[in-house]
Structure formats: structure tokens, C-alpha cells
Amino acid sequence: MSKSKKIALIGNSNNNFFSLVRFLRDRGFCADLFLLNNELSHFHPSCDTYSLDFMDYTYCLPFGNCYWFGDEIEGLKKDKSAILTLKDYDVIFACGSSLAYLEAFDIGVDFFVPYGMDLVHYPFFVPSANPNHRAHLDAFCDLQRQAILRSRYVLSTQDILGVTEYKESIEKLQCKTKTIVFKTFPYIYDKIYAKSTIPKYFSRSYWAEDFLKFKRNSQFLVFHHARHTWRSCAGRVGDKRNDKMFRGFAEALPQIKTLKPKILTFEYGDDVFWSKALIKELGIEKYVKWLPLMNRKDIMVGLHCANVATGQFRIGCVGGGVQTEALVASTPLIHYVNREPLEEYYPHVQAKEIEEIARGFVWCATNAEESVRMGEESYLWLRKEMDVAVDGICALL
């Protein structure tokens, strides 16, 4: 483990690498973050910090849009400055579409850290209705697959071997023997978001006053910030089953109505329209407050104000951004974990079906002190396991 090595982390989906680069820098490593040109706006580092320090070690790359892969490769051949910069690094962490571009220029990936579609779809087939994309995408998929096959390690959580879609991809790519898993991953730089710390940053959050107002007006504030994808991708890896959460709330409502409950959720995901239609059908419109897509630094303020958070209710991931954000905030979590024994993982209300979710709402609402204790214990579990993961990653460097 040489701290003199230069480390590049390429891509920032879900802000995963922005979190990891800070943990590595805290440990004394020379680590830099590189953003692809197709990063979603809310996955920019500025959305996940209250400081401008990231500008000292964050750089932008002129590639990442796989739909025009061939054109971007030709551009990189004409101006090799970006590629030469990356070749100057000793260790490469990569995610998303970056692997195919690195492979095209014979830059080996030391650590592939998948977030989902870069493992399940990118190495095999990426659909597009535009026939002009096909040649670009086919070339991209071939190189993405080769890069994963040549990578030294695949880093992830234990979910990767427990969720069918992930497990099948790992087996197809013959990566099982080099896959290193942890109970969780350093998805969030918790030092600024922990329950004891975040109040001092409220003044830097655009929405803090609104969240505090919601908290004053409700004795049971439910935070549901999972992407709304339950109808358009039913049964696939991106299916969050948000519909079950709303149905569970409607079922629990008669028992918690006196607490003036309110669900805070976000206009984020392909099925927002259908979620709104379902809410209307269930007759719970006045108990739901829709909010715009927000940055993590604002979401964490909202979670701090909430009485309970909800995860997803199909594939059962231990980790992931939504769940980890709730744990960092010490907010009690209703969620489905597809791992046994559950005692080895963070305390939460285990729920998958509508009736279980409804009982979870009732339990959290009527056992406030115990619920708060559960949230605090879940963060302690996370803090310990994130240290284990960071220590493990450092040992491999």
C-alpha cells in the first residue's frame, strides 16, 4: 500500500466516487476525481458538499456519451491530452461508460466499481430507437466487456452476488473469482451529514426552512426519495416498487391519521405520472407533498427532519444511495433486504409486501423512542462497515 501512487477515479454516478475520493484523500492518498461528459447534473460534486474544496482535485473529461462512442473516440485520437493525462496515473478506478473508452486506448482498469447498468447492460446491449446509434453502441459494448474482463478487481457489496441480474452478469463476464465484496460501500462521505454535524450546515441548504416547516406541521414525516420506477421497468433491476409504499401508507393511514402524517417525495424517475395517478386513486393526495429533484446536500437536511425513511421493495439491496443516506442521517428505515441472517446487517424495519410496509409505518409512528434508537444503531453499523470497506480497498492499492 504505497501512498505515493497517483489514483484516478473516473465517473461519478450516484456521487459514489466523489465519496470514495474523499475517504482516500483523508487517508493520505493522492487521489483525483474525473467526471464524464454525460454525468447527470445532480451527480456533480457541488451537489454533495457545502465546500468548494473539490475543485482542487476534480477534473472534467471530454467523453462518456456511448451513443456517439465512435465520434468521441476519433476526437480523442486527434487531441490526446485527456488520454495522456489518464495514462499518468498509477491506479485506475472506473465505473459507468468510462471502461470502454479506457480500453480503446489500452488503459487498464484496476478497480471496476459498478453501480448497475454498467454491469448489467453496458457489456452486452444498449438499446436505442435511433439507427444512427447502433454502430457506436455495438462497438462500445464490445470494449466495455473487454475492459471488465481485463480489470484486476470488481468491487461491490454482497448484493452483487445475491441479486439475480447482477449475479448473472458477473458469471457471464467470468468475474466471480476477482470480485471483492463488502457488507456496504463508502457510498456517502458521512462526516458532513451525520446527525450531530449537519445542523451547522442548514444555512447553506436552499430548502432547509421548507423542511423545518414540514417537520413543525407533522408529527410523522415520511421521506420517500427513491426514484419513481415501478411501472415502466416492472420486474427489472431498476424496479423500486414505489407503488407498494403508497399502498402501505394508505392502509396504515387510519391508525396514524391523528399524527398529521405527510409523505415527502420527489419528481424523479420515469413513473412520476403513474405515482401521482395512484396517489389520487388511493385518496391520499393531501398526505403527499411533491418536491423537485434535489441535490444530496439538501436531501440530507430533509432526512434529518423526517421521522422515517423508505427504501425499495423488490430486489432487496443492502446498500445503494437511498438506503445509505437514511442510515447516515440516523433516520429509521423501512426497507427490504434480501440477505440472511438479517442480524448481520443494519437495524431496520424489514418489509417487502404492502401489509408489512403498513405495519412498519404503524410501528414507527407508535414506538417513536424505539424507532429513533433503531436509526441511531443503524448509523453505528454503517460507520463501522464503511471503515471496513475503506480499509479493504486501501489494502489492495
Side-chain angles (χ1 to χ4, degrees), residues 7-36 39-59 91-96 98 110-116 118 153-157 159-160 180-195 197-198 201 204-205 225 294-301 303-304 311 317-331 346 378-379 381-394 396-397:
I7 303 169
L9 295 92
I10 307 173
N12 194 39
S13 184
N14 300 323
N15 283 303
N16 290 349
F17 277 179
F18 182 44
S19 297
L20 180 55
V21 74
R22 285 178 283 180
F23 283 117
L24 292 176
R25 292 176 70 87
D26 285 350
R27 302 286 181 100
F29 288 95
C30 177
D32 293 325
L33 175 66
F34 289 85
L35 306 178
L36 303 180
E39 307 282 359
L40 295 177
S41 60
H42 59 292
F43 294 149
H44 189 273
S46 61
C47 302
D48 189 20
T49 181
Y50 303 105
S51 163
L52 289 174
D53 291 351
F54 71 90
M55 294 292 292
D56 296 334
Y57 53 86
T58 301
Y59 307 93
V91 180
I92 301 287
F93 286 76
C95 69
S98 68
D110 297 287
F111 300 96
F112 171 38
V113 188
Y115 60 81
D118 52 352
Y153 299 105
V154 178
L155 299 182
S156 190
T157 63
D159 297 329
I160 206 168
I180 297 175
V181 298
F182 306 99
K183 285 185 178 177
T184 192
F185 198 78
Y187 290 118
I188 299 182
Y189 190 71
D190 61 308
K191 294 185 179 182
I192 57 174
Y193 295 134
K195 187 177 181 178
T197 306
I198 195 170
Y201 295 113
R204 301 191 197 180
S205 170
H225 64 302
M294 285 190 188
N295 300 327
R296 175 176 284 166
K297 63 184 179 184
D298 298 310
I299 283 172
M300 295 306 296
V301 174
L303 275 167
H304 180 86
C317 286
V318 173
V322 167
Q323 290 80 249
T324 308
E325 285 164 351
L327 301 186
V328 168
S330 300
T331 304
Y346 49 80
S378 68
Y379 173 57
W381 179 93
L382 180 73
R383 179 88 293 289
K384 175 186 173 184
E385 294 299 333
M386 284 205 300
D387 277 344
V388 169
V390 175
D391 287 345
I393 292 167
C394 290
L396 295 169
L397 294 172

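No hydrogens or angles considered: nothing links the side chains of N15 and Y187 as a donor-acceptor pair under 3.5 Å. For the 3.5 Å distance criterion, the side chains of Y193 and D48 qualify, holding a donor opposite an acceptor.
Across all their heavy atoms, D118 and V113 have their closest contact at OD2-O, 4.1 Å. For Y115 against N14, the heavy-atom pair with the smallest separation is CB-ND2, 3.8 Å. Nearest heavy atoms, F29 versus C394: CE1-SG, 3.6 Å. What you find for A194 and Y379 is that their closest heavy atoms are CB-OH, 3.8 Å. Between P114 and L155, the shortest heavy-atom distance links the atoms CD-O, 3.4 Å. The heavy-atom pair separating T157 from V181 by the smallest distance is O-CG1, 3.5 Å.
Going from atom CG of N12 over to atom SG of C95 covers 7.0 Å, rounded to the nearest 0.5 Å. Here the straight-line distance linking atom OG of S98 with atom CG of L36 works out to 5.5 Å at 0.5 Å rounding. Between the OH atom in Y50 and the NZ atom in K297 there is a gap of 8.0 Å [rounded to 0.5 Å]. The line from CE of M386 to OG of S19 is 8.0 Å long, rounded to the nearest 0.5 Å. Going from atom CD1 of I10 over to atom CG of L35 covers 11.0 Å, rounded to the nearest 0.5 Å. For the atom pair M294 CE and I299 CD1, the distance stands at 7.5 Å (nearest 0.5 Å).
With respect to D32 and R25, a salt bridge is recorded, a charged nitrogen being found less than 4.0 Å from a carboxylate O. With salt bridges taken as basic N to acidic carboxylate O contacts below 4.0 Å, one links D387 and R383. Salt-bridge formation is detected for the pair K191/D26: a Lys NZ or Arg NE/NH1/NH2 atom is positioned less than 4.0 Å from an Asp or Glu carboxylate oxygen.
For Y189 and F18, the distance between ring centers is not under 6.0 angstrom. Ring centers of F54 and H44: under 6.0 Å apart, within the cut-off.
Two residues are said to be in side-chain contact when any heavy atoms from C-beta on lie closer than 4.5 Å; R296 and T49 fail this criterion. Between V301 and I198, the closest side-chain pair of non-hydrogen atoms falls below 4.5 Å. At least one side-chain heavy atom of Y57 sits under 4.5 Å from a side-chain heavy atom of V21. With contacts defined as side-chain heavy-atom distances shorter than 4.5 Å, the pair L396/I393 does not qualify. The closest side-chain heavy-atom distance from R22 to D53 is not below 4.5 Å. Using a 4.5 Å heavy-atom cutoff, the side chains of I180 and V154 are not in contact.
T331 contributes a side-chain N or O that, together with a main-chain N or O of L303, makes up a donor-acceptor pair within less than 3.5 Å.
Ring-plane geometry between Y346 and W381 is classed as perpendicular, the angle between the planes exceeding 60 degrees on a 0 to 90 degree scale with a lower cut at 30. Under the 30°/60° scheme for interplanar angles, the aromatic rings of F93 and F17 are found to stand perpendicular.
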Check your understanding: What's the verdict on side-chain contact (heavy atoms from CB on, under 4.5 Å) for F111 and L397, showing C-alpha distance, side-chain angles and the deciding distance?
Key -> CA-CA 10 Å; F111 300 96; L397 294 172; 3.7 Å; yes
